[in-house]
Amino acid sequence: MTQMQHETSTAPAAAKQALPMLHIKIKILRFDPEKDRKAHWETYAIEAQAGDRVLDVINEVKWYHDHSLTFRRSCMHGICGSDAMLINGRNRLACKTLVRDVAKDGGTITIEPIRGLKVEKDLLVDMEPFFDSYKAIMPYFINESPAPAAERIQSEEEAERMAHSSNCILCACCTTSCPIFWVNGSYLGPASIVQAHRFIFDSRDEATQQRLNIMNQNTGVWRCRTAYNCTEACPRDIPITQLIEEVKRAVMYQQA
Amino acid sequence: MYKGREGQWAFLLHRLSGIAILAYLLIHVFSIGSFIFGERFYMAIHETYDWPIFRIGLVFITAGVVYHAFNGLRIIVMDFTGAGVAYQRQMWYGVMAVTVVSGLYAAWTLLPRLLGGY
Ligand code: HEM
Ligand code: SF4
Ligand code: SF4
Ligand code: FES
């Protein structure tokens, strides 16, 4: 190797060349409302690196195999919450799932739209019912008292109470993994309860009673049968079922 | 099938066992109560309980009642304590162990009836 080449080759590029390519099959549940009466599986043969994200692989399919493949994605870094899908039987964000965690060389990755919401096309579902439930819990800070001169102070313990629930990115991985939601779409669902938790346990918010009343309605927390699918699915590692149980107890002690 | 973990199966079994116990209770009340229509009617119903499906069903209904009762306690612990949520998986394996042992014990004591009928 000449001195010249040695200087220009950077470490990551060298590492990339050394990495073997995996040969995998991507099996996607496709549905085109203008052509199909039922969804059907299509399989694409792809080469990918173990460290690629499933989203890279789906982009590969769209860019080089079939332009008509439809799905949502935006930030590609697990922040916007737009690419929740059912990957190998579990809800995950495609941009936060590495190929090596779901497939080996010669293996298959199956990808389906999230369940319980109407499929518009391929992996794209109608999110309106999900956001209607979100709006139903009054997802905004309510405090009618005059604002203090400086900020509204919280203690560290008070901030800790709502630390988990304020991490939610509204990706719907949880709600669309919930067996209760699949059967009954009127259930507000874990995502909305997490959002409600964020305000119920915010020491500065003053609408706690109203919020607990919404949670106590028959579309609220009592629908949850503690199946834990939501907790397993959350890409933000929010202990969702634990938060739901906290809200259930808050409702119960308020009634008592 | 969605690849949920222990919690999903715990929920599904709880619902199925709950419905099974309810069905058993209704059939039980009806068939005992049928005595008001006379002994012949009562016996006609009870003879069908000799069918193999009802004999094996006894083992499953025992296991179902035990599962439902113990998993019910697991749910109560989860609903009232944070630790219950943290250890729900371990508790479920405990519930399953008790259920399987009771099912086997029921099968053992019912063995003559399972094989030979009344
Ligand atoms: C040992 C006595 C029992 C205990 C400790 C018990 C406990 C429970 C609990 C805690 C639940 C709530 C489930 C949840 O929140 O996810 C439940 C649900 C249920 N139980 Fe029981 N139960 C008992 C006996 C029975 C009996 C005798 C029947 C039938 C006649 C029954 C039928 C049901 C049904 C149908 C459900 C609804 C299941 C669901 O919503 O998924 N249970 N039980
Ligand atoms: S709680 Fe988790 S899974 Fe549910 S919407 Fe928020 S980030 Fe997504
Ligand atoms: S814990 Fe409750 S909200 Fe979460 S998946 Fe289970 S039933 Fe649904
Ligand atoms: S694309 Fe934004 S979360 Fe995956």
Side-chain angles (χ1 to χ4, degrees), chain A residues 29 84-92 97 101-102 109-116 160-161 164 173-184 187 190 201 221-234 238-253 256, chain B residues 1-26 60-103:
Chain A
L29 194 62
M85 341 185 149
L86 192 51
I87 300 172
N88 279 8
R90 290 199 175 123
N91 278 0
R92 315 176 211 236
T97 308
D101 293 329
V102 285
I109 302 178
T110 62
I111 303 173
E112 298 162 67
I114 46 179
R115 292 188 187 156
E160 194 57 40
R161 290 294 286 134
H164 283 304
C173 274
C174 54
T175 296
T176 59
S177 76
C178 174
I180 307 296
F181 178 76
W182 296 333
V183 176
N184 183 344
Y187 172 36
F201 292 98
V221 278
W222 306 116
R223 292 262 161 210
C224 167
R225 288 296 193 284
T226 54
Y228 292 92
N229 279 5
C230 54
T231 305
E232 310 282 357
C234 180
I238 300 173
I240 304 177
T241 311
Q242 182 196 314
L243 303 189
I244 296 176
E245 297 284 274
E246 285 173 14
V247 175
K248 284 184 191 170
R249 285 197 285 272
V251 173
M252 188 177 65
Y253 295 136
Chain B
M1 194 46 154
Y2 190 87
K3 285 199 187 121
R5 297 187 54 185
E6 291 85 349
Q8 172 180 309
W9 305 115
F11 153 69
L12 191 67
L13 279 178
H14 196 84
R15 180 157 289 186
L16 292 179
S17 60
I19 294 170
I21 304 168
L22 183 62
Y24 180 87
L25 186 73
L26 294 178
F60 281 94
I61 207 73
T62 312
V65 168
V66 171
Y67 176 83
H68 193 89
F70 280 87
N71 193 56
L73 296 179
R74 166 179 167 271
I75 295 170
I76 292 169
V77 174
M78 295 190 310
D79 283 345
F80 282 94
T81 70
V85 172
Y87 291 102
Q88 57 98 3
R89 215 164 267 150
Q90 289 84 339
M91 286 197 290
W92 188 66
Y93 286 116
V95 169
M96 286 312 280
V98 175
T99 304
V100 170
V101 169
S102 323

Per-residue contact mode, [X] against chain B (heavy atom under 4.5 angstrom):
X: A/Arg249; value: side chain
X: A/Thr231; value: neither
X: A/Ile244; value: neither
X: A/Leu243; value: neither

(request) Please lay out, stage by stage, how B/Val85 and A/Thr226 fare under the test side chain to side chain contact (heavy atoms under 4.5 Å, CB included). (result) CA-CA 9 Å; B/Val85 172; A/Thr226 54; over 6 Å; no
(message) The criterion is salt bridge (Lys or Arg N to Asp or Glu O under 4.0 Å); which residues satisfy it with A/Arg115, sequence neighbours excluded?
(response) A/Glu112
(request) With sequence neighbours left out, write down each residue that passes salt bridge (Lys or Arg N to Asp or Glu O under 4.0 Å) with A/Glu232, or none if nothing qualifies. (result)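 Scan of A/Glu232 (salt bridge (Lys or Arg N to Asp or Glu O under 4.0 Å), adjacent residues dropped) gives B/Arg5, B/Arg89.
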(message) Checking side chain to side chain contact (heavy atoms under 4.5 Å, CB included) between B/Phe80 and each of A/Lys248, A/Glu245, A/Met252, which is the one that passes?
(response) A/Met252
(message) Quick check on the structure: residues of residues 11-22 of chain B within a heavy-atom distance below 4.5 Å of chain A, by number.
(response)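 Checking residues 11-22 of chain B against chain A gives B/Phe11, B/Arg15.
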(message) Which residues pass the ring pair (Phe, Tyr, Trp, His ring centres under 6.0 Å) test with B/Phe60, not counting sequence neighbours?
(response) none
(request) Any chance you could measure B/Lys3, atom NZ, to A/Asn229, atom CG, to the nearest 0.5 Å? (result) 13.0 Å
(message) Working to the nearest 0.5 angstrom, can you tell me the gap between B/Gln88 CD and A/Thr241 OG1?
(response) 7.5 Å
(message) Does B/Gln90 have more than 12 heavy atoms from other residues, nucleotides or ligands lying within 6.0 Å of its CD?
(response)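 Counting other residues, nucleotides and ligands, CD of B/Gln90 exceeds 12 neighbours.
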(message) Could you check whether any side-chain N or O of B/Tyr2 sits under 3.5 Å from a backbone N or O of A/Asn91, counting only pairs where one atom can act as donor and the other as acceptor?
(response)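 Side chain of B/Tyr2 to backbone of A/Asn91, a donor-acceptor pair under 3.5 Å: yes, one is there.
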(message) I'd like to check B/Gln8 versus A/Tyr228 (side-chain heavy atoms, cut-off strictly below 4.5 Å). Are they in contact?
(response)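 Counting from C-beta outward, B/Gln8 and A/Tyr228 never come under 4.5 Å.
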